[in-house]
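Taking it in order: structure first as structure tokens, then the write-up.
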Amino acid sequence: MNIEQALTLLGGLTPQQFMKRHWQKKPLLVRNAIPGFVPCLNRTELVALAGQEGVESRLIVDSAKGWRMKHGPLAKRSLPPFSQKKWTFLVQGVDLHHDGVHALMQQFRFVPDARLDDLMISFATDGGGVGPHFDSYDVFLLQAHGQRRWRIGRQKDLSLQPGVPLKILQNFEAEEEFVLNPGDMLYLPPKYAHDGIAEGECMTWSIGFRVPQQGELARELLLGLADEAFDGLGEALYRDPNQPAVTSPAAIPAALVGFAHQVVEKALKNPDLLNSLLGEYLTEPKSNVWFDGSAALAPDLASGVRLDRRTKMMYDDRHIFINGESFRAGGKDARILRLLADKRALDAASCAILSDPAKEALLDWMAADWLKPREDIPV
Ligand code: SIN
Ligand code: CO
């Protein structure tokens, strides 16, 4: 993507300008971000998706008795009638299940893949919404069908209403208000309070981002380092030939404390391992994704390859990461495999000049259904 090219999607800003001025900083309302936008998924298809096992969905009803929430799968008969006001259902990760939705999400790849999370679709009847709240991640709210009134504010008081099954702000105060029409889009940075209420039947597509959380990331990486340390540091034993006789036997010897610090430092002193654990973690498929490894029985590279829409592929200076695995690559192989990760496709000529181990890797990934033949155009 040319990050210096002004985009209609960003209201005439270049991706570079958008990232500098708005990303994680301030909202942006874009009228006609996608002119003439016609969603490639209608209400019936979304209802069908929400009823499927392995698709994350929620039903939220705002009734006289208060807020009610139910987690999916949501059978059609379990939904309120479409004539009933003030209810909504939301389907998470639609990009994993629909090629057209996945394709739309690619327009947002001026943000690194490591940050892009998923595309959620909500359907609401008149007056429906999820209540005033804030999200801990950035979001692009693209109006897909009908109208939605968004009220937003830089809320300082983020206290939540007690005793409700949703995170709803107790004292929401809106500063601005807009009605979005199909094709309009609103970008909000993390923690920006918002409340979107459907005006008539409405569908909103939210492009959401992944925010690595300090504690969780540390735990993930340390668990990986722990396994490696156990194998790598081996069985060398603590020795204390200079240990004097003690009068306070319960006190932990300083030398043993030092030994503990040393072994942990040794285990951490492996930047290459840390980087590969990070790449493996970031490309790990979501828990509801599984690949049918039998799809490509006789994989070949003759027509080039493309990534399956569910495949996550990233890289760093030394490795290529794909769906939670790492592959060390340098030189020409690294250049070509990075191209595959960035473009999500590779032509036959590029496949042909890879080294044998890299070709083998592509064939393995194809057999696992992570890659498809390039000519196999998604419908
Ligand atoms: C919705 O689409 O109803 C909610 C999206 C959001 O507020 O993040
Ligand atoms: Co939100």
Side-chain angles (χ1 to χ4, degrees), residues 27 29-34 36-51 55-92 94 101 104 119-135 139-153 155 161 164-188 192-208:
L29 171 68
V30 183
R31 294 285 179 199
N32 255 321
I34 304 187
F37 181 49
V38 179
C40 54
L41 204 101
N42 60 27
R43 184 180 88 180
T44 312
E45 290 163 315
L46 193 65
V47 169
L49 207 52
V55 177
E56 207 184 321
S57 59
R58 280 170 298 159
L59 167 67
I60 294 168
V61 183
D62 179 5
S63 71
K65 285 189 231 144
W67 293 97
R68 205 158 53 76
M69 176 165 75
K70 185 173 173 246
H71 283 283
L74 305 165
K76 184 167 188 289
R77 62 180 181 287
S78 71
L79 298 177
F82 290 113
S83 55
Q84 180 181 318
K85 293 188 176 200
K86 293 172 104 177
W87 65 272
T88 179
F89 74 94
L90 308 98
V91 186
Q92 209 73 45
V94 183
V101 174
L104 182 125
L119 194 148
M120 177 188 84
I121 301 186
S122 70
F123 166 86
T125 60
D126 187 34
V130 299
H133 67 283
F134 65 90
D135 298 304
V139 65
F140 288 96
L141 299 153
L142 172 65
Q143 191 57 25
H145 171 77
Q147 291 184 312
R148 170 161 250 145
R149 180 177 298 274
W150 285 103
R151 297 189 309 134
I152 66 171
Q155 185 98 13
Q161 279 183 28
V164 261
L166 307 171
K167 285 187 173 169
I168 299 202
L169 285 166
Q170 204 160 18
N171 304 304
F172 176 58
E173 280 178 47
E175 294 172 317
E176 288 178 278
E177 184 169 322
F178 327 93
V179 176
L180 265 64
N181 293 301
D184 292 349
M185 186 171 78
L186 176 63
Y187 162 78
L188 295 176
Y192 217 94
H194 53 287
D195 187 15
I197 298 178
E199 304 219 324
E201 242 185 47
C202 142
M203 220 194 269
T204 303
W205 292 22
S206 308
I207 293 89

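FYI, the numbering just counts along the sequence from 1. Remember, predicted model here, so these are calculated numbers, not experimental data.
- Scored by the ring-ring contact (aromatic ring centres under 6.0 Å, His included) test, W150 finds H194 as partners (sequence neighbours excluded).
- Residues satisfying the side chain to side chain contact (heavy atoms under 4.5 Å, CB included) criterion with A48, sequence neighbours excluded, are absent altogether.
- Expressed to the nearest 0.5 Å, how far OG1 of T204 lies from CD1 of I121 amounts to 10.0 Å.
- Inter-residue side-chain proximity for I152 and P27 is flagged as met; some heavy-atom pair is nearer than 4.5 Å.
- Here the CD1-CG distance, from I207 to L104, works out to 6.0 Å after rounding to the nearest 0.5 Å.
- Legend: residues meeting ring-ring contact (aromatic ring centres under 6.0 Å, His included) with F37, ordered by chain and number and at least two apart, are W205.
- Here the CG atom belonging to L180 is positioned 6.0 Å from the CG atom belonging to L186, to the nearest 0.5 angstrom.
- The minimum heavy-atom distance between L169 and A193, with the atom names listed, is CD1-CB, 3.5 Å.
- For P73 against S57, the heavy-atom pair with the smallest separation is CA-OG, 4.2 Å.
- Remark: E45 engages no residue in a salt bridge (charged side-chain N to carboxylate O under 4.0 Å, His left out) (not counting sequence neighbours).
- To the nearest 0.5 Å, atoms CZ (F134) and CZ (F172) are separated by 12.5 Å.
- Considering only heavy atoms from C-beta on, L141 stays 4.5 Å or farther from R148 through its side chain.
- By the ring-ring contact (aromatic ring centres under 6.0 Å, His included) test, F123 pairs with F82, W87, F89, sequence neighbours left out.
- The salt bridge (Lys or Arg N to Asp or Glu O under 4.0 Å) contacts involving residues 67-92 comprise D62-K86, K85-D126, where partners must be two or more places apart or lie in separate chains.
- Remark: F178 engages no residue in a ring-ring contact (aromatic ring centres under 6.0 Å, His included) (not counting sequence neighbours).
- Interatomic distance, L142 CG to I34 CD1, rounded to the nearest 0.5 Å: 4.5 Å.
- By the salt bridge (charged side-chain N to carboxylate O under 4.0 Å, His left out) test, E176 pairs with no residue at all, sequence neighbours left out.
- Of all the heavy atoms in G200 and A198, the pair that sits closest is O-CB, 3.4 Å.
- Under the salt bridge (charged side-chain N to carboxylate O under 4.0 Å, His left out) criterion, D135 pairs with no residue at all, not counting sequence neighbours.
- The side chain to side chain contact (heavy atoms under 4.5 Å, CB included) test applied to T88 returns I60, L90, S122, A124, V130, not counting sequence neighbours.
- Checked by atom type and distance alone, the side chain of S206 never pairs as donor or acceptor with a backbone atom of G208 at under 3.5 Å.
- For P80 against V61, the heavy-atom pair with the smallest separation is CG-CG2, 4.2 Å.
- A 6.0 Å sphere centred on CD of E173 holds no more than 12 heavy atoms belonging to other residues, nucleotides or ligands.
- The two residues V94 and V91 come nearest to each other via the heavy atoms CG2-O, 3.4 Å.
- In this structure, Q143 contributes its side chain and H145 its backbone to a donor-acceptor pair below 3.5 Å.
- Take Q155 and apply the side-chain hydrogen bond (donor to acceptor under 3.5 Å, both in side chains) test, not counting sequence neighbours, and it matches no residue.
- A distance of 9.5 Å separates OG1 in T44 from CG in L41, rounded to the nearest 0.5 Å.
- Partners of R58 according to the salt bridge (charged side-chain N to carboxylate O under 4.0 Å, His left out) rule, which considers only residues two or more places apart in sequence or in another chain, do not exist here.
- Minimum heavy-atom separation, G36 to N32: N-OD1, 4.3 Å.
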